[in-house]
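Below, read A as the first sequence line, B as the second, and so on, with proteins coming before strands; counting in each chain starts at 1.
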Amino acid sequence: MEVEIKVRRFNGEKSYWQKYRVPVLSGMTVLDALLYIKENIDATLSFRYSCRMGVCGSCAVKINNKPRLACETQILQLKDVQIEPINNFRVIKDLITDFDDFFAKHRIVKPYLIRKNDSYEKPVEMIQTPKQLKKYYRYSLCIKCGACNSVCPVSSTRDDYLGPAIMTTVYRFMTDNRDEGKDERFKIVSSERGVWRCHFASECSEVCPKNVEPAKAVQKLRIKSIIYEIKKFFK
Amino acid sequence: MLVDWFRIKGRSLHSLAFSFHRLTGIVLMIYLILHLTYLTSLRFGKESYEYLISLTVRPETLPFDLLLLLATVFHGVNGIRLVIHELGFVYEKRNLILYLTFGIVLIVWLYAGYLMFLLIMG
Amino acid sequence: MKVQHDIVIVGGGLAGLRAAIASAERSRKLEIAIISKTYPIRCHSVCAEGGTAAVLREGDSFDLHAWDTIKGSDFLADQDAVEFFVKEIPSEILRLDNWGCPWSRTKDGRIAQRAFGGQSFNRTVFAADRTGFHEVHTLYERTLMYPNIIRYDEYFLTNLIIEDNEIRGVTAIELKSGDLILFEAKAVILATGGAGRLYGFTTYSHQVTGDGMAIAYRAGIPLKDMEFFQFHPTGLVPSGILMTEACRGEGGYLRNKYGERFMEKYAPEMMELAPRDVVSRAMWREIVEGRGIESEHGAYIALDLTHLGEERIDERLPLIRDAAKKFAGIDPVEEPIPVRPVAHYTMGGIHTNINTETQVRGLYAAGEVACVSIHGANRLGSNSTAECLVFGRVAGERAADYALKKEFRHVKSESFKKEEKKIFDDFLKKSGDENPYEIKKELTKVMDDNFWIFRNGEDMKEGVKKIRELKERYKNVEIVDKSRRFNTDLINTMEIGFMLDVAEVVAIGALMRKESRGSHYRLDYPERDDKNWLKHTLVYYNENGPIVKYIPVKITKWMPVERKY
Amino acid sequence: MKEVKNVNVIGLTITGKTEDDRVVRSDNDSNINEENKMDTKKLEPIAFIFQLFSGILLAVFVASHIYITHLNEEALKYESVVERLSNSTIKVIYFLFLVIVCFHAFNGLRAILLDTNFGKRNARMVNLLCLIISIVSILYGATLLISF
């Protein structure tokens with residue numbers, strides 16, 4: 001069976017659609033099809049890919065208007081296939097987008113455990129019950145593929161908005177019982193470019209390929225921020 | 001880009017609700033300004049007020065009135081939905097609540113619109 | 001363009017990130033650069049699933065772990081390295097815990113451990129079945145804490161610059177702009193990972209093409225024990241996605257088409273939890289002898305988890321369930337998973353000593369790219385992430401010490417210009433009539449057919465000949481995409497060149513080793529031969545084909561005995 | 001020597017320069033705090049909480065307002081409007097209504113504007129502008145209530 005695949009291309013100057021015909025077998029994913037095109041039809045087609053099992057987060061593209069991981073999307077479940085780079089990221093070439101800003105934002109929210117008595121030389125075993133683990137575990141599954149950012153209406157118009165993925169990371173560290181750095185993170189997150197910009201379009205949760213539910217994390221983070229601000233006010 | 005606020009192709013109903021909320025918010029804000037200006041006529045006496053009323057409250061403007069009513073009802077009901085979620089409640093049931101919101105909006109709008117229709121058409 | 005950093009780390013996976021943290025902890029004055037082909041959290045280490053072995057609890061001991069590792073390695077491991085290695089892991093586990101890794105826990109909140117193949121104690125620490133994923137993310141996020149770690153994401157390593165047997169720096173292509181950039185450095189750590197994409201049916205990410213190995217090899221540094229390639233017993237059919245050993249660690253069964261747990265014939269004591277080489281061979285034998293289950297994608301073996309129950313699978317193996325559903329359309333709660341042995345790990349690598357030093361001063365190698373030789377002829381499950389953590393740290397510290405003592409020596413600009421001309425003028429602009437992807441396809445086919453689990457002299461001789469033919473043909477490839485900006489075609493073609501070199505080393509090493517040991521099993525020499533072959537293979541680069549040498553294995557207190565499970 | 005990467009949008013330098021002037025990139029904590037000037041930082045949470053509760057109140061207010069004004073044909077007559085507005089209880093309620101609706105509307109506008117890059121660059125101006133507009137409209141509406 002053959003399937004026609006429409007790919008949105010960009011060569012640095014202009015952007016255009018290109019069509020390819022790809023023979024399809026059962027079990028073939030969109031990534032397999034793209035690789036087939038690259039290896040047999042058009043070697044200039046560029047896209048990111050790596051693990052092909054949905055944990056590395058490289059291959060988020062817009063398939064039929066929805067951001068998805070190319071490696072996880074079975075081609076036979078789609079009727080026509082139309083592939084574009086994800087929104088809200090600057091396109092570098094074809095399906096490759098610029099993630100530098102995204103990772104820079106990730107950096108400024110201090111996404112690591114902040115502990116007062118942290119010893120590099122003499123680490124100690126810390127206690128964390130399965131219940132405490134479960135509280136944040138889901139939010140630690142984010143693969144930073146950028147799908148949620150690409151559908152967030154605020155991310156599309158304000159480029160320094162932290163975005164769902166990054167704020168989920170903040171929430172993950174805040175709910176970790178080993179962490180002691182809440183104040184530092186509130187400073188960053190409870191700001192104009194943080195939680196107050198979210199208006200709960202909740203599309204991020206709809207498209208997340210790992211079911212991390214960023215919308216929920218952001219709402220919870222906002223409640224925490226409100227309580228924090230009120231407490232600070234009365235101090 | 002601003003159009004992304006109103007992008008609904010390939011997206012879920014949640015995005016539609018967001019776009020609509022934003023749109024109706026802007027519409028209502030403009031209406032608020034108009035409304036306040038309009039009421040100024042009260043201060044200039046009966047005639048100017050009744051002239052404006054006769055200009056706006058008539059069968060020809062009914063569709064606009066109905067649209068405005070829809071905007072108000074949607075913004076209100078959806079706003080309450082957002083409040084519930086933003087306080088961190090019932091996140092898991094968000095789809096159900098969204099459908100419920102749309103349902104309530106439709107019912108309230110149709111009913112209120114019917115009353116309005118009766119009022120204006122006499 | 002030229003950039004200068006005290007330490008340059010190539011590779012952003014587990015070992016590279018760990019090395020960066022170790023260097024940064026050593027001295028905040030050092031500027032440390034991480035160059036990686038992808039963003040660090042897109043590395044192949046995230047695909048590690050099962051866990052990391054560490055001695056943490058009463059009843060276990062370093063000697064026991066060392067013995068398991070050495071017995072697993074079929075006695076080819078260097079025992080001094082293994083002893084050092086097992087002692088270092090526990091603190092690495094605790095460090096990761098302190099840095100935020102969400103290890104799975106016991107009821108009282110301590111770090112939980114599970115059973116794994118070839119181990120005499122349940123010592124594998126894990127974070128559900130996404131251990132590598134969480135480890136990489138934890139380390140990556142930790143590196144963000146240090147202001148002196150600077151990342152260069154999406155830079156493709158092209159060459160090492162070595163003068164007077166001393167490292168001076170590396171050159172790399174910045175993919176975004178397409179420019180070649182010279183990184184001057186006092187010390188360089190290679191942490192580029194294995195070469196698993198040599199095989200077609202593999203658990204590896206697409207980008208694991210052995211770049212670091214090939215570049216070091218071409219620079220004159222020998223590769224050690226490359227013929228030992230691990231085959232993981234359980235790769236999902238047809239895509240090859242890894243079904244972690246933890247499936248069996250948690251109590252899963254392997255069954256043939258009659259529903260028998262055939263492992264009782266091959267390893268009556270350990271059953272499914274024998275080391276990977278033993279299980280893989282057993283499975284392959286079942287398939288070859290016609291007891292596999294037939295399907296449109298070839299014969300397979302059933303990995304049966306149905307008796308574990310939904311709750312346990314969801315708690316301990318959520319990724320496996322997810323992957324099986326998405327990629328094979330099978331729910332492991334209800335049906336057994338179709339699996340087949342699959343290329344999984346490169347035991348060999350750049351020859352280093354126990355301090356991760358190579359023969360070039362200032363050049364270090366850590367992780368899968370290196371062969372300190374703790375895995376010998378067969379790696380035990382959950383020792384690989386442990387190796388990356390331990391030797392990543394060692395490399396980072398050693399490099400930092402070295403760099404602190406050293407002055408910068410500038411690289412001559414001619415050698416940079418030469419490299420630039422070689423890549424962009426000679427290689428990119430060249431026209432030819434070979435499609436590089438065609439060569440890759442044939443290469444993986446040769447490796448799959450001739451250097452698979454069961455090997456024999458005739459096939460391998462044939463294989464070596466074919467690889468040499470492919471190398472000839474490669475000289476005539478043409479890169480279709482002539483642009484500079486994010487030219488993945490250029491990168492892929494260069495990778496294929498690296499793969500050909502590494503494949504030749506694997507093939508020559510395998511052909512020369514006339515015995516069966518660990519993962520290297522020859523039908524024409526089915527016995528282990530300690531008298532002649534208890535030694536490491538070293539392969540040196542030469543214009544006219546590889547030169548093979550041998551060095552002895554370091555044995556401290558465990559003498560080779562027959563390996564039974 | 002050239003820098004390898006440039007400063008990116010959120011004010012974070014990701015690079016060390018080369019050779020002669022080697023400057024290690026820093027986390028730029030100061031930069032982040034500086035950006036959020038005191039007033040906006042305090043304003044955001046208050047504005048958010050206000051928007052939330054005023055929204056709930058408005059739902060009640062607007063519903064009753066529409067209900068009253070559209071009850072019958074008489075309701076919109078000049079006399080009945082004037083009569084209603086002359087009642088001091090209603091006056092107070094309407095004044096409250098006016099304050100809330102104005103703040104809600106222009107705080108909404110403020111949120112929308114701040115969602116854009118324009119708002120990012122002119123945050124203080126947007127805040128001030130919205131505050132002024134809402135106060136002006138409150139005053140403007142209040143003159144109406146006073147004149148009856």
Legend entry - Within the 6.0 Å centroid threshold, strictly below: B:F18 and A:F200: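 For B:F18 and A:F200, the ring centres are not under 6.0 Å apart.
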
Legend entry - Centroid-centroid distance, B:Y49 to B:Y51, less than 6.0 Å: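 Centroid separation for B:Y49 and B:Y51: 6.0 Å or greater.
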
Inset, instruction - Spell out, as yes or no, whether a donor-acceptor pair under 3.5 Å connects the side chain of A:R185 to the backbone of A:K110. - result: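 Between the backbone of A:K110 and the side chain of A:R185 there is a qualifying donor-acceptor contact (under 3.5 Å).
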
Legend entry - Structural part of A:S205 lying under 4.5 Å from a heavy atom of chain B: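 Both the backbone and the side chain of A:S205 come within 4.5 Å of chain B.
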
Inset, instruction - Considering only heavy atoms and a distance below 4.5 Å, find which of A:K66, A:Q219, A:E206 pairs most often with chain B. - result: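 It is A:E206.
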
Legend entry - Per-residue contact mode, B:L13 against chain A (heavy atom under 4.5 angstrom):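 Looking at B:L13, nothing touches chain A.
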
Legend entry - Contact class of B:L82 relative to chain A, heavy atoms under 4.5 angstrom: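 B:L82 touches chain A through side-chain heavy atoms alone.
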
Inset, instruction - Over all heavy atoms of both residues, which pair between A:I96 and A:S46 is shortest? Give the atoms and the distance, please. - result: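 Scanning both residues, the minimum pair turns out to be CD1-CB, 3.7 Å.
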
